[in-house]
Protein chains: 2
Amino acid sequence: MKAVLPHPARDEMRIEAVLHALADPVRLRIVRALAECAEGISCGLLDLGVTASTLTHHVRTLREAGVVHVTPRGTSRISTLRREDLDALYPGLLDGVLAAPR
Amino acid sequence: MKAVLPHPARDEMRIEAVLHALADPVRLRIVRALAECAEGISCGLLDLGVTASTLTHHVRTLREAGVVHVTPRGTSRISTLRREDLDALYPGLLDGVLAAPR
DNA sequence: CTCGTAGTACGGTTTTCGTCGAAATACTGG
DNA sequence: CCAGTATTTCGACGAAAACCGTACTACGAG
């Protein structure tokens, strides 16, 4: 388990990667959950119907795209939405996605 | 060649499909081109670096997701962005995507 | 009607993705 | 230190996606 995880800087984020990260149902549920929880969440607490290793994969996809920030807290990892970066780069995108009918 | 092509109604569109359609570089270039051309375009005129059959595949992906409307005109097919539907369902999404740095 | 152009359909190959289980790692509490 | 919990890593698998070439269809020009 690496202590600190790599995150793309704002100017390294690519729109294709962000859209791809958001295009998966499981990841979208994570993003929706994070959107309601500014303090962040340990994604393992969400009931997403996938195994822990699959969840790791999804969170990494979101992190590497720049959608979420992940930071270790004790034995777990807290994810937060990178709202400011997303809004700065793609104003309206996140709100539009969150406005989508379930 | 089918005369009329199936398009999803507004309430049949799924955010995951829209995001997936937008997440590909070639398709994103198509969308950007269409965004600057309200009258629509024959996508075959764009120089996208893929073969005609691959282009057909991409345009179909966009159409089936509800991102574009395709209508036959003579021997070619005119694609237009479904801006109103996208803005109604996901307000800000399209503008956010188009605002992304190239 | 015939030819040329635009696009589609089909079939195939290669790559990417989502998923899992098993084994490994990191931290906490006792 | 030890046991337990949270998470990651690795390797595998099947499904989906991107891409191409060839053959085919539709339409317009002449």
Side-chain angles (χ1 to χ4, degrees), chain A residues 1-7 14-31 33-34 37 39-80, chain B residues 1-7 14-31 33-34 37 39-80:
Chain A
M1 237 203 238
K2 287 252 300 291
V4 62
L5 301 89
H7 292 78
R14 294 174 310 119
I15 182 66
E16 292 91 344
V18 171
L19 291 169
H20 173 255
L22 295 174
D24 178 90
V26 173
R27 292 192 291 262
L28 199 48
R29 287 174 62 189
I30 295 173
V31 169
L34 294 180
C37 194
E39 327 86 69
I41 259 185
S42 169
C43 293
L45 300 181
L46 272 29
D47 185 15
L48 296 167
V50 294
T51 64
S53 55
T54 299
L55 180 57
T56 293
H57 162 71
H58 284 307
V59 174
R60 178 166 38 134
T61 300
L62 288 168
R63 173 176 53 79
E64 290 178 345
V67 177
V68 304
H69 184 263
V70 183
T71 185
R73 173 134 81 221
T75 172
S76 60
R77 303 212 164 183
I78 305 300
S79 300
T80 53
Chain B
M1 234 203 240
K2 287 254 299 290
V4 61
L5 301 89
H7 292 79
R14 294 173 310 119
I15 183 66
E16 292 92 343
V18 170
L19 291 169
H20 173 255
L22 295 174
D24 178 90
V26 173
R27 292 192 292 261
L28 198 49
R29 288 174 61 189
I30 295 173
V31 168
L34 294 180
C37 194
E39 328 84 70
I41 258 187
S42 168
C43 293
L45 300 181
L46 272 30
D47 185 16
L48 296 167
V50 294
T51 63
S53 55
T54 300
L55 179 59
T56 293
H57 161 72
H58 284 306
V59 174
R60 185 182 24 182
T61 300
L62 288 168
R63 173 177 52 80
E64 289 177 348
V67 176
V68 304
H69 184 263
V70 183
T71 183
R73 174 135 79 219
T75 171
S76 61
R77 301 208 164 183
I78 305 302
S79 300
T80 54

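By convention in this document, chain letters (A, B, ...) are assigned in the order of the sequence lines, proteins followed by strands, and residues within each chain are numbered from 1.
Whole-Å rounding puts the Leu5(A) CG to dA6(D) P distance at 18 Å. Taking atom CD1 of residue Ile41(B) and atom C1' of nucleotide dG7(C), one finds them 16 Å apart after rounding to whole Å. The separation between Asp24(A) atom CG and dA17(D) atom P is 12 Å, rounded to whole Å. Between Arg77(A) atom CZ and dT25(C) atom P the separation is 15 Å, expressed in whole Å. For the pair Glu16(A) CD and dA17(D) P, the computed distance is 18 Å after rounding to whole Å. Straight-line distance from the CD1 atom of Ile78(B) to the P atom of dT8(C): 12 Å, rounded to whole Å.
Applying a 4.0 Å cut-off to non-hydrogen atoms, the residues of residues 45-53 of chain A that approach DNA chain C are Val50(A), Thr51(A), Ser53(A), listed by residue number. Taken residue by residue, residues 55-68 of chain A places heavy atoms nearer than 4.0 Å to DNA chain C at His57(A), His58(A).
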For nucleotides 27-30 of chain D, tabulate all protein N/O to nucleotide N/O atom pairs closer than 3.5 Å, reporting atom names and distance.
none

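In this structure, the separation between CG on Leu55(A) and CZ on Arg60(A) is 11.5 Å, given to the nearest 0.5 Å. The line from NE2 of His58(B) to OG1 of Thr54(B) is 6.0 Å long, rounded to the nearest 0.5 Å.
Nearest heavy-atom pair, Thr80(B) versus Gly40(B), reported as atom, atom and distance to 0.1 Å: CG2-CA, 3.5 Å.
Between Ser42(A) and the phosphate of dA6(D), there is no side-chain N or O to OP1/OP2 separation shorter than 4.0 Å.
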Going by atom type alone, with no hydrogens or angles, which donor-acceptor pairs under 3.5 Å involve a side-chain atom of residues 15-24 of chain A and a protein atom two or more places apart or on another chain?
{"residue": "Asp24(A)", "atom": "OD2", "partner": "Val26(A)", "partner atom": "N", "Å": "2.8"}
{"residue": "Asp24(A)", "atom": "OD2", "partner": "Arg27(A)", "partner atom": "N", "Å": "3.2"}

List the atom pairs, donor and acceptor, that lie under 3.5 Å between side-chain atoms in residues 61-71 of chain B and the rest of the protein, sequence neighbours left out.
{"residue": "Thr61(B)", "atom": "OG1", "partner": "His57(B)", "partner atom": "O", "Å": "3.0"}
{"residue": "Arg63(B)", "atom": "NH1", "partner": "Pro6(B)", "partner atom": "O", "Å": "2.6"}

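Between Ser79(B) and Ile30(B) there is no side-chain heavy-atom pair separated by less than 4.5 Å. The shortest distance between side-chain heavy atoms of Arg77(B) and Leu5(B) falls below 4.5 Å.
Among the heavy atoms of the strands lying under 4.0 Å from Thr54(B) is at least one base atom, whether or not backbone atoms are also near.
Recorded end-axis angle for the helix from dC1(C)-dG30(D) to dG30(C)-dC1(D) stands at 30°, based on five pairs per end and rounded to 10 degrees.
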